[in-house]
Amino acid sequence: MEDDRRHFLVTLTKLIGSLGVAAFFFPFLKSWRPIPRPAPTQTKVDLRPLMPGESLIAVWDNQPVWIIRRTQAMLDTLFSIRPQLVDPDSFTAQQPPYIQKNYRSLNPEYFVVIALCTHLGCATQYKPQRGEVKKNWLGGFFCPCHGSMFDLAGRVLKNVPAASNLKIPPYHFMSPYTLVIGQDPECI
Amino acid sequence: MDPTQPHVSFLKRSIAWLDARFPLTTFMQKQVTHYYLPANLNGWYVFGALSLFFLALQFFSGFWLMMFYTPTPEAAFNSIESLMRDVPCGWFIRYLHSSGASFFFILLYAHLLRGLLYGSYKKPRELVWLLGVLLYLLSLSEAFLGYLLPWGQMSYWASQVATSAIGTFPFFGETLMYWLRGDSHVSAVTLHRFFALHSVGLPTLFIFLVGFHLVALRTVGSTRPQGKRTTSPTHTSLPSTDIPFHPYYTSQDLLALAISLFIFSLIVFFMPEMGGYFLEASNFIPANPHQTPQTIRPLWYLAPFYSLLCVMPNSFFGTFSVLGAPLLFFLLPWLDKSTPYTIQRNWPFKLALSGFIFSFIALGFLGATAQTMQNLVLLRLCALLYFLFFLLMPFYTRQTLR
């Protein structure tokens with residue numbers, strides 16, 4: 001009888017004790033959660049210094065954003081490169097709905113895309129010259145970490161580690177030469 | 001499988017495998033299940049284990065705090081405020097550490113008091129005592145270093161005052177002060193090194209010293225309250241009434257732990273600042289090197305020594321007595337001339353100890369609050385009592401045995 005009672009009390013103590021110890025660690029683990037951050041602010045970019053074929057990097061929501069002023073020759077490659085692409089018509093929603101499927105931008109001349117590779121997040125490099133990265137390279141973006149390649153509309157090529165096209169942020173043109181990243185156009 | 005061999009469970013075989021390579025079961029037997037203690041260890045004997053638990057809690061909460069804290073004068077204060085307000089459950093981690101420090105000292109003082117009451121410093125436990133006093137001083141230093149880290153008004157000015165006090169030493173005082181601070185005043189340099197010392201340097205020392213303290217204790221065994229005199233109170237020659245550590249004293253310590261955790265939870269969740277005694281109000285203002293707060297004082301556990309500093313008539317004497325006061329604790333085993341191996345006390349000792357406890361508390365309490373002229377006389381008397389407790393001990397502890 002005594003032993004049964006002792007056994008019961010010891011087991012109960014162990015059980016409640018274990019619950020207490022487990023509960024103790026909860027606040028510590030919770031403290032690692034990200035702190036809720038305020039909504040990302042908008043970034044204004046002046047496009048006047050940008051020459052055809054050149055690139056600019058802006059920062060929006062702690063991410064680097066490529067702004068490329070594409071030439072007509074660059075826009076032409078977007079059709080010839082289609083056989084090399086995984087998702088040429090951008091079916092996967094890596095861009096806001098108002099972004100045109102053909103050129104993946106509001107204005108074909110200015111291409112705005114988040115520079116981070118969709119594989120594991122390294123910042124891509126702008127490689128516009130033909131043959132710069134590989135033999136039939138028509139121009140685009142190259143990721144130095146694991147070799148993923150994207151065309152001049154940020155669409156991912158076949159047989160690379162990345163699986164989806166580069167992401168396009170929300171943006172609009174406040175005036176012909178002022179780009180505002182972070183806000184959709186008003187007419188939507 | 002050989003059918004003549006008895007089936008040994010997987011668990012038993014695993015333990016046997018481990019035993020052949022690591023002294024696990026021998027250790028458990030020698031130190032836990034077959035370590036014998038007197039049967040009448042009372043409540044005073046739990047404070048050592050409790051102090052160890054709360055020290056471990058300080059280590060853990062402090063380590064977690066390091067993930068959120070920035071050790072520069074510009075960012076330190078804000079990093080802690082951000083922890084308190086933005087980080088999920090950040091306030092809990094902070095209060096564990098700040099209230100935990102004070103709670104740890106309460107337990108430590110109780111542990112010390114047990115030592116004085118029961119003669120735990122007498123032969124053959126002098127080494128346990130010496131290591132313990134060293135640990136006490138290490139704790140005070142650790143707390144002092146940690147207090148600079150929030151970079152509040154009190155943090156800055158208490159550190160400034162304390163390091164200046166070192167500067168009052170003759171000959172090498174000023175050089176030492178500049179060397180400690182790394183600058184002409186408490187600055188980013190000081191903050192960085194205090195952070196390193198507080199988070200890694202002193203904790204490493206703690207681990208070693210606590211280990212040695214426990215080893216020394218277990219070599220000679222615990223004292224016997226109301227003990228009958230024995231020639232050698234080690235656990236190797238024990239009376240038949242002695243009981244094993246597990247399950248008797250593990251249960252006693254566990255009960256004490258539960259009670260102390262209950263009290264500690266009440267503190268952490270309902271009164272973590274304890275009216276300014278555990279977390280001072282002026283430390284919620286960022287440090288301003290051009291403006292000193294109304295009263296500068298250390299936290300309550302350092303207060304008795306701070307009072308000693310304040311009541312001495314000149315600054316050198318003050319610093320000298322602040323440093324000398326804890327050092328007297330080291331001499332205790334040799335100042336006490338009563339018979340070793342026994343804890344019987346005569347009335348002069350009881351009177352002296354009461355006087356000492358009273359003056360220690362009075363120095364802490366009165367000294368921490370504003371000092372007035374009337375207080376000063378009483379405080380000087382208390383300081384005198386403090387020193388006399390030690391210095392006269394060889395005389396009033398001499399006793400003839402009946």
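Just so it is clear, the model here is predicted, and its values are computed rather than measured.
- Contact tally against chain A (heavy-atom pairs below 4.5 Å) for Ser61(B), Ser82(B), Cys89(B): the top residue is Cys89(B).
- Ranking Trp64(B), Phe68(B), Phe92(B), Phe60(B) against chain A, the residue ahead of the rest is Trp64(B), based on heavy-atom pairs under 4.5 Å.
- Proximity to chain A is limited to the side chain of Leu96(B), based on heavy atoms less than 4.5 angstrom apart.
- Interface remark: Leu57(B) contributes side-chain atoms only to the contact with chain A (heavy atom separation under 4.5 Å).
- For Tyr177(A), the OH atom is loosely surrounded, since the number of other residues' heavy atoms within 6.0 Å does not exceed 12.
- Taken as a pair, Cys122(A) and Cys117(A) fail the criterion of an SG-SG distance shorter than 2.5 angstrom.
- Environment of NZ in Lys44(A): sparse, with no more than 12 heavy atoms of neighbouring residues, nucleotides or ligands closer than 6.0 Å.
- Salt-bridge check for Arg82(A) with Asp89(A): passed, with a basic side-chain N closer than 4.0 Å to an acidic carboxylate O.
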